[in-house]
Colleague: 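The structure follows.
These values consider heavy atoms only, across backbone and side chains, with no hydrogens, waters or symmetry-generated copies.
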Amino acid sequence: WRFAEKFDYDDVLRLTDKQIKQYNEILIDEDHRRRFERLESISQYFLAFPPFWYYKGSAAREICNNSSYGEEIQQKFKHEALAAFKKFDEIHVGFMREDVIAASCALEQISLLDIEMDKNEIYSLLKKASDFAQDNFDILQMCVTVFMSLGNLDEAERILKVFCNEKFNLSLNGQMLSRIYYKNNNKADYEVLKKRIGEENVAPWTEDGIISPVE
């Protein structure tokens, strides 16, 4: 209270121990519909707390992706998810170099967008995700998948080189990088890669085109 009086900030910025404890308990609720509803019921207390809006959007996204709810409910919660993610973006301050929540929020937004109609927004979110991921390889792995689906093989190649040099998930990433080299007819780098990570971790290079190129 002394801190609040000294700096004269709005009371909406203050969270009590009880509210934080309730919030933490809600996050481990395995029922995503109930988790969303419980988060919705305390939304007014977390207007200035970015992670809250990510987790609320993520719960809504889980409902949206569950076909058992039917199309009408799925669409409703798609809008709920996008609105919560937008709120996160509005109040999030990117002062940390690595921010897993911000990166995850960007990727989850991408999963709700149309790859053709929303391509510019997807690229913007994807850059945000890869920047905030820093050296979090699990998140960067998801970024690679999106880059490749967009046909941006240069960015995918850049990240995959890091993965292969750091020996991260070689059985998958070696295959993906070698396929990009095949697509670009880059035999020299393919041979270096094969020698570095082992023939068993790259897709075979054949002159008759048997290897499946990256689309």
Side-chain angles (χ1 to χ4, degrees), residues 32 54 57-58 61-68 71 74-75 78 81-82 85 94 96-215:
H32 43 254
Y54 162 67
S58 188
R61 176 177 167 272
E62 288 184 63
I63 300 168
C64 170
N65 288 337
N66 191 328
S67 59
S68 66
E71 186 175 350
Q74 286 180 286
Q75 285 300 312
K78 176 181 179 179
L82 289 172
F85 292 146
M96 294 189 297
R97 288 178 180 167
E98 181 178 313
D99 192 329
V100 172
I101 290 180
S104 298
C105 185
L107 285 171
E108 291 192 28
Q109 285 184 75
I110 288 172
S111 72
L112 297 172
L113 300 176
D114 185 279
I115 200 166
E116 295 298 331
M117 296 178 60
D118 305 308
K119 185 169 286 189
N120 290 338
E121 185 176 0
I122 288 173
Y123 268 119
S124 177
L125 289 167
L126 192 53
K127 183 179 187 310
K128 182 185 296 184
S130 58
D131 287 347
F132 277 125
Q134 292 286 307
D135 58 356
N136 188 303
F137 286 179
D138 288 333
I139 290 178
L140 288 173
Q141 185 78 75
M142 291 185 281
C143 291
V144 166
T145 302
V146 182
F147 276 126
M148 294 185 74
S149 68
L150 291 169
N152 190 333
L153 300 187
D154 290 342
E155 279 299 305
E157 179 181 338
R158 178 182 64 82
I159 298 173
L160 287 168
K161 282 181 179 178
V162 174
F163 287 167
C164 290
N165 286 333
E166 299 302 325
K167 299 181 180 179
F168 175 71
N169 202 3
L170 283 179
S171 59
L172 171 64
N173 293 316
Q175 291 272 336
M176 293 172 73
L177 182 55
S178 62
R179 287 171 184 269
I180 290 176
Y181 287 153
Y182 181 90
K183 174 77 173 180
N184 293 332
N185 197 29
N186 187 348
K187 187 71 178 289
D189 282 344
Y190 173 90
E191 292 296 337
V192 171
L193 179 68
K194 183 172 71 171
K195 183 177 180 180
R196 182 175 295 159
I197 68 174
E199 187 172 358
E200 69 278 7
N201 291 314
V202 298
W205 184 295
T206 57
E207 302 303 329
D208 57 8
I210 292 177
I211 185 174
S212 299
V214 177
E215 298 297 338

Colleague: Nearest heavy-atom pair of Leu107 and Cys143: which atoms, and what distance?
Modeller: CD2-SG, 4.1 Å
Colleague: Any idea which heavy atoms bring Glu108 and Ser58 closest together, and the distance?
Modeller: OE1-OG, 3.0 Å
Colleague: Kindly indicate whether the side chain of Asp189, heavy atoms from C-beta on, has any atom under 4.5 Å from the side chain of Leu193.
Modeller: no
Colleague: Is the shortest heavy-atom distance from the side chain of Asn66 to the side chain of Glu62 under 4.5 Å?
Modeller: no
Colleague: Nearest 0.5 Å please: distance from the OG atom of Ser130 over to the CZ atom of Phe147.
Modeller: 4.5 Å
Colleague: Holding to salt bridge (charged side-chain N to carboxylate O under 4.0 Å, His left out), I want the full list of residues that pass it with Arg196, two or more places apart in sequence or in another chain.
Modeller: none
Colleague: Quick check for you: to the nearest 0.5 Å, what is the distance between Glu71 atom CD and Cys64 atom SG?
Modeller: 10.5 Å
Colleague: Measure across Ala106 and Ala129 and return the closest heavy-atom pair with its distance rounded to 0.1 Å.
Modeller: CB-CB, 3.9 Å
Colleague: For residues Phe132 and Ile139, determine if any side-chain heavy atom of one lies less than 4.5 Å from a side-chain heavy atom of the other.
Modeller: no
Colleague: Who are the salt bridge (charged side-chain N to carboxylate O under 4.0 Å, His left out) partners of Lys78, not counting sequence neighbours?
Modeller: none
Colleague: Rounded to the nearest 0.5 Å, what's the gap from CG on Asn169 to CD on Gln175? Could you check?
Modeller: 11.0 Å
Colleague: Got Phe137 and Val162 here, is their nearest side-chain heavy-atom distance under 4.5 Å?
Modeller: yes
Colleague: Measure centre to centre between the rings of Tyr190 and Tyr182, then say whether the value is under 6.0 Å.
Modeller: no
Colleague: Which heavy atom in Ala156 sits nearest to a heavy atom in Ile180, and how many Å separate them?
Modeller: CB-CD1, 4.1 Å
Colleague: Over all heavy atoms of both residues, which pair between Leu126 and Ile110 is shortest? Give the atoms and the distance, please.
Modeller: N-CD1, 3.7 Å
Colleague: Would you please test Phe168 and Leu140 for side-chain contact (heavy atoms from CB on, under 4.5 Å) and show each step?
Modeller: CA-CA 11 Å; Phe168 175 71; Leu140 288 173; over 6 Å; no
Colleague: Once side chain to side chain donor-acceptor pair (under 3.5 Å) is applied, what residue pairs with a partner in residues 133-145 remain, sequence neighbours excluded?
Modeller: Gln141-Asn173
Colleague: Name all residues meeting the side-chain contact (heavy atoms from CB on, under 4.5 Å) criterion together with Lys161; count only those two or more places apart in sequence or in a different chain, and write none if there are none.
Modeller: Glu157, Leu177, Tyr181
Colleague: Kindly compute the distance separating CZ (Arg179) from CH2 (Trp205), expressed to the nearest 0.5 Å.
Modeller: 12.5 Å
Colleague: Nearest 0.5 angstrom please: Ile63 CD1 to Ser68 OG, how far?
Modeller: 10.0 Å
Colleague: Is it the case that more than 12 heavy atoms not belonging to Glu200 sit under 6.0 Å from its CD atom?
Modeller: yes
Colleague: Sequence neighbours excluded, which residues qualify as salt bridge (charged side-chain N to carboxylate O under 4.0 Å, His left out) partners of Lys167?
Modeller: none
Colleague: Which atom names give the shortest non-hydrogen contact between Arg61 and Ala81, and what distance separates them?
Modeller: N-CB, 3.8 Å
Colleague: Only distances under 3.5 Å count here; give the side-chain donor-acceptor pairs of residues 114-123 to other protein atoms, sequence neighbours excluded, each with its distance to 0.1 Å.
Modeller:
| unit_1 | atom_1 | unit_2 | atom_2 | d |
| --- | --- | --- | --- | --- |
| Asp114 | OD1 | Glu116 | N | 2.8 |
| Asp114 | OD1 | Met117 | N | 2.8 |
| Asp118 | OD2 | Asp114 | N | 2.8 |

